[in-house]
Amino acid sequence: MISFEIPPFVQNQSQLIRMVAEQAMRPYSRELDENEHARPQAFVQMTWPFTQEMVKRTLKPLMENGNGTNGSAKPKREGPDYSLLGFIMMIEQMSWGDAGQYLCLPHPMLGGAAVDSAGTPEQRVRFLKKFTEGAPKWGAMAITEPGAGSDNSAMRTTAVLDPDTREWIINGEKIFITNGALALKESDGLCVVWATVDPKAGRGAIKSFVVEANTPGVTIAKQEHKLGIRASDTVALHFDNVRIPFDNVLGNPEVQQPENRQGFVGAMKTFDASRPAVAASAIGIARAALEFAKEKLAEEGIVPDYTKPLHEMTAVERDIIEMEARYKGAWLLTLRAVALMAHGESNRLESSMCKYRAGDAVTWITQKAVELLGPKGYSREWLAEKWMRDAKINDIYEGTKQINQLIVARSILGYSRRELK
């Protein structure tokens, strides 16, 4: 028999996170939106113990397997990894509370996803154990550059090996880095930096390197002022002869040939894990806007009669039903991508599908909510206009809508990157 029930422990966790979203996030949403670089301290202190326990559970099998030093394979798991489902549901709930604050969650985040996807068991323990102890810490990932966005082959940040000291020397600039300052300057965190070991060799030379907090040569070049998710820490980073140990490279440090780009493929697997998380965040924002719009419309006596055919409904009622359909469709696609990942199966196609669909849905749903709510929806008296501003980033980061469409097309049609061009 197939069961679609959410496991009880995941439901219980989700209820706790709902309380955090209602009591520690939503009440401060407007204040933090208007004070962009302020830190949500109450939220950080409340959620840090959850992060510590979450990372401890993740590392426990590795620690029991000889401190993560027994080979490069991950320990086998019996049954699906329901912690992934719990994490995705947590992101959805927190983003319902406030997406900008959720992005300030003290957690390995994208940096941890990169270590988990491309690192050895020993590296996973070495870099992630710090997130189980001490004061709050953050992880970040640095990919985007002024001249390299979706086309990562144009990346110009370099990592050169010093043969005398066996250290990597990183030089370059990265922009739009979520939690860059929190990870590298305001806590004992880490940032996974993508760089090329040979600018002439294309994607096969792109590797990911772990740069830990307070490493000499790392500076905050700029704090970004954004349309939405304004509570989020977003910065540009400058790397000037930054030296890190040789073992801080994730995966194979050698330049890979076009037919065997294991290092680049390993790095790209980060997105297979992170795109469903972005989709879940988008869906949390969409649900916030949808619920609020339905509540305010119900106060005016506008409640859809689901027993009627569409042609007998008012235009507003049809809009509400379309909002619900897009929201639920995106959520089901996201759960599909997470389920595959939880069972240890490839989810590259599904992660791009859910990321595309959720980004598209939240943009439309939040705009429609503002439209239906009229002048007050557009005013700062309500949070509807903020949700509309917060929504758009989900169409952009972790792969734009257009990039994810290309990935879906390549996966379904079997075309190469060159053929699709």
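We count residues from 1, following the sequence as given. Predicted model only: the values in this text are computed from it and were never measured.
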Trainee: Looking only at side chains, do N404 and R357 share a donor and an acceptor under 3.5 Å apart?
Mentor: no

Trainee: What distance separates Y327 OH from L290 CG, expressed to the nearest 0.5 Å?
Mentor: 7.5 Å

Trainee: Indicate yes or no: does R126 engage E122 in a salt bridge with an N to O separation below 4.0 Å.
Mentor: yes

Trainee: Does the side chain to side chain contact (heavy atoms under 4.5 Å, CB included) test come out yes or no for I88 and W331, once each step is laid out?
Mentor: CA-CA 11 Å; I88 290 298; W331 185 225; 4.1 Å; yes

Trainee: Looking at side-chain heavy atoms only, is the closest gap between T157 and W194 below 4.5 Å?
Mentor: no

Trainee: Decide yes or no for M94 and Q101: does some side-chain heavy atom of the first lie under 4.5 Å from some side-chain heavy atom of the second?
Mentor: no

Trainee: What pairs with W48 under ring-ring contact (aromatic ring centres under 6.0 Å, His included), at least two apart in sequence or on another chain?
Mentor: none

Trainee: Can you tell whether the side chains of D33 and R230 come within less than 4.0 Å, N to carboxylate O?
Mentor: yes

Trainee: OG1/T158 to CH2/W168 distance, rounded to the nearest 0.5 angstrom?
Mentor: 11.0 Å

Trainee: Can E385 and Y378 be said to form a side chain to side chain contact (heavy atoms under 4.5 Å, CB included), step by step?
Mentor: CA-CA 5 Å; E385 59 81 29; Y378 192 72; 5.5 Å; no

Trainee: Does a side-chain N-to-carboxylate-O contact under 4.0 Å join E322 and K368?
Mentor: no

Trainee: What pair of heavy atoms forms the shortest contact from L250 to A114, and how long is it?
Mentor: CD1-O, 3.8 Å

Trainee: Is any side-chain heavy atom of S352 closer than 4.5 Å to one of R275?
Mentor: yes

Trainee: Taking atom OG1 of T58 and atom CZ of F87, what is their separation to the nearest 0.5 Å?
Mentor: 9.0 Å

Trainee: So which atom in L184 and which in L237 form the shortest heavy-atom distance, rounded to 0.1 Å?
Mentor: CD1-CD1, 3.9 Å

Trainee: Answer whether the closest heavy-atom distance between the side chains of F239 and N171 falls below 4.5 Å.
Mentor: no

Trainee: Can you find a side-chain donor-acceptor pair between R287 and Q93 that sits under 3.5 Å?
Mentor: yes

Trainee: For a quick test of reading the model, state the closest non-hydrogen atom pair linking I229 to D390 and the distance between them.
Mentor: N-OD1, 2.6 Å

Trainee: Would you say the side-chain atoms of W96 and E291 include a donor-acceptor pair closer than 3.5 Å?
Mentor: yes

Trainee: As a quick check of understanding, evaluate side chain to side chain contact (heavy atoms under 4.5 Å, CB included) for S117 and D272, giving each step before the final call.
Mentor: CA-CA 9 Å; S117 297; D272 296 343; over 6 Å; no

Trainee: Without swapping roles, check the side chain of D116 against the backbone of G112 for a donor-acceptor pair under 3.5 Å.
Mentor: no

Trainee: Is a salt bridge present between E22 and R18, judged by a nitrogen-to-oxygen distance below 4.0 Å?
Mentor: yes

Trainee: What distance do T366 atom OG1 and W387 atom CH2 have between them, rounded to the nearest 0.5 Å?
Mentor: 10.5 Å

Trainee: When rounded to the nearest 0.5 angstrom, what distance separates NZ in K294 from CD in E324?
Mentor: 3.5 Å

Trainee: When you check the gap from the basic side-chain N to the acidic O, do E345 and R336 get nearer than 4.0 Å?
Mentor: no

Trainee: So, taking the atom named CG in N347 and the one named CE in M341, what distance separates them when rounded to the nearest 0.5 Å?
Mentor: 5.5 Å

Trainee: Should F43 and Y28 count as side-chain neighbours, where that means a heavy-atom distance under 4.5 Å?
Mentor: no

Trainee: Check salt bridge (charged side-chain N to carboxylate O under 4.0 Å, His left out) between R410 and all other residues, then give those that pass, not counting sequence neighbours.
Mentor: none

Trainee: Filter on salt bridge (charged side-chain N to carboxylate O under 4.0 Å, His left out), then keep only pairs touching residues 231-253, sequence neighbours left out; what's left?
Mentor: R39-D233, D162-R243, E167-R243

Trainee: Identify the two heavy atoms, one from L105 and one from M90, that lie closest to each other, and give their separation to 0.1 Å.
Mentor: CD2-CE, 3.7 Å

Trainee: Please evaluate residues F176 and Y397 with respect to the criterion side chain to side chain contact (heavy atoms under 4.5 Å, CB included), reporting the C-alpha separation (whole Å), side-chain torsions for both, the decisive distance (0.1 Å), and the verdict.
Mentor: CA-CA 9 Å; F176 300 119; Y397 63 7; over 6 Å; no

Trainee: Heavy-atom distance under 4.5 Å between the side chains of L110 and E398, does that happen here?
Mentor: yes

Trainee: Could you report the tightest heavy-atom contact between C354 and P276, atom names first, then the distance?
Mentor: SG-CA, 3.8 Å

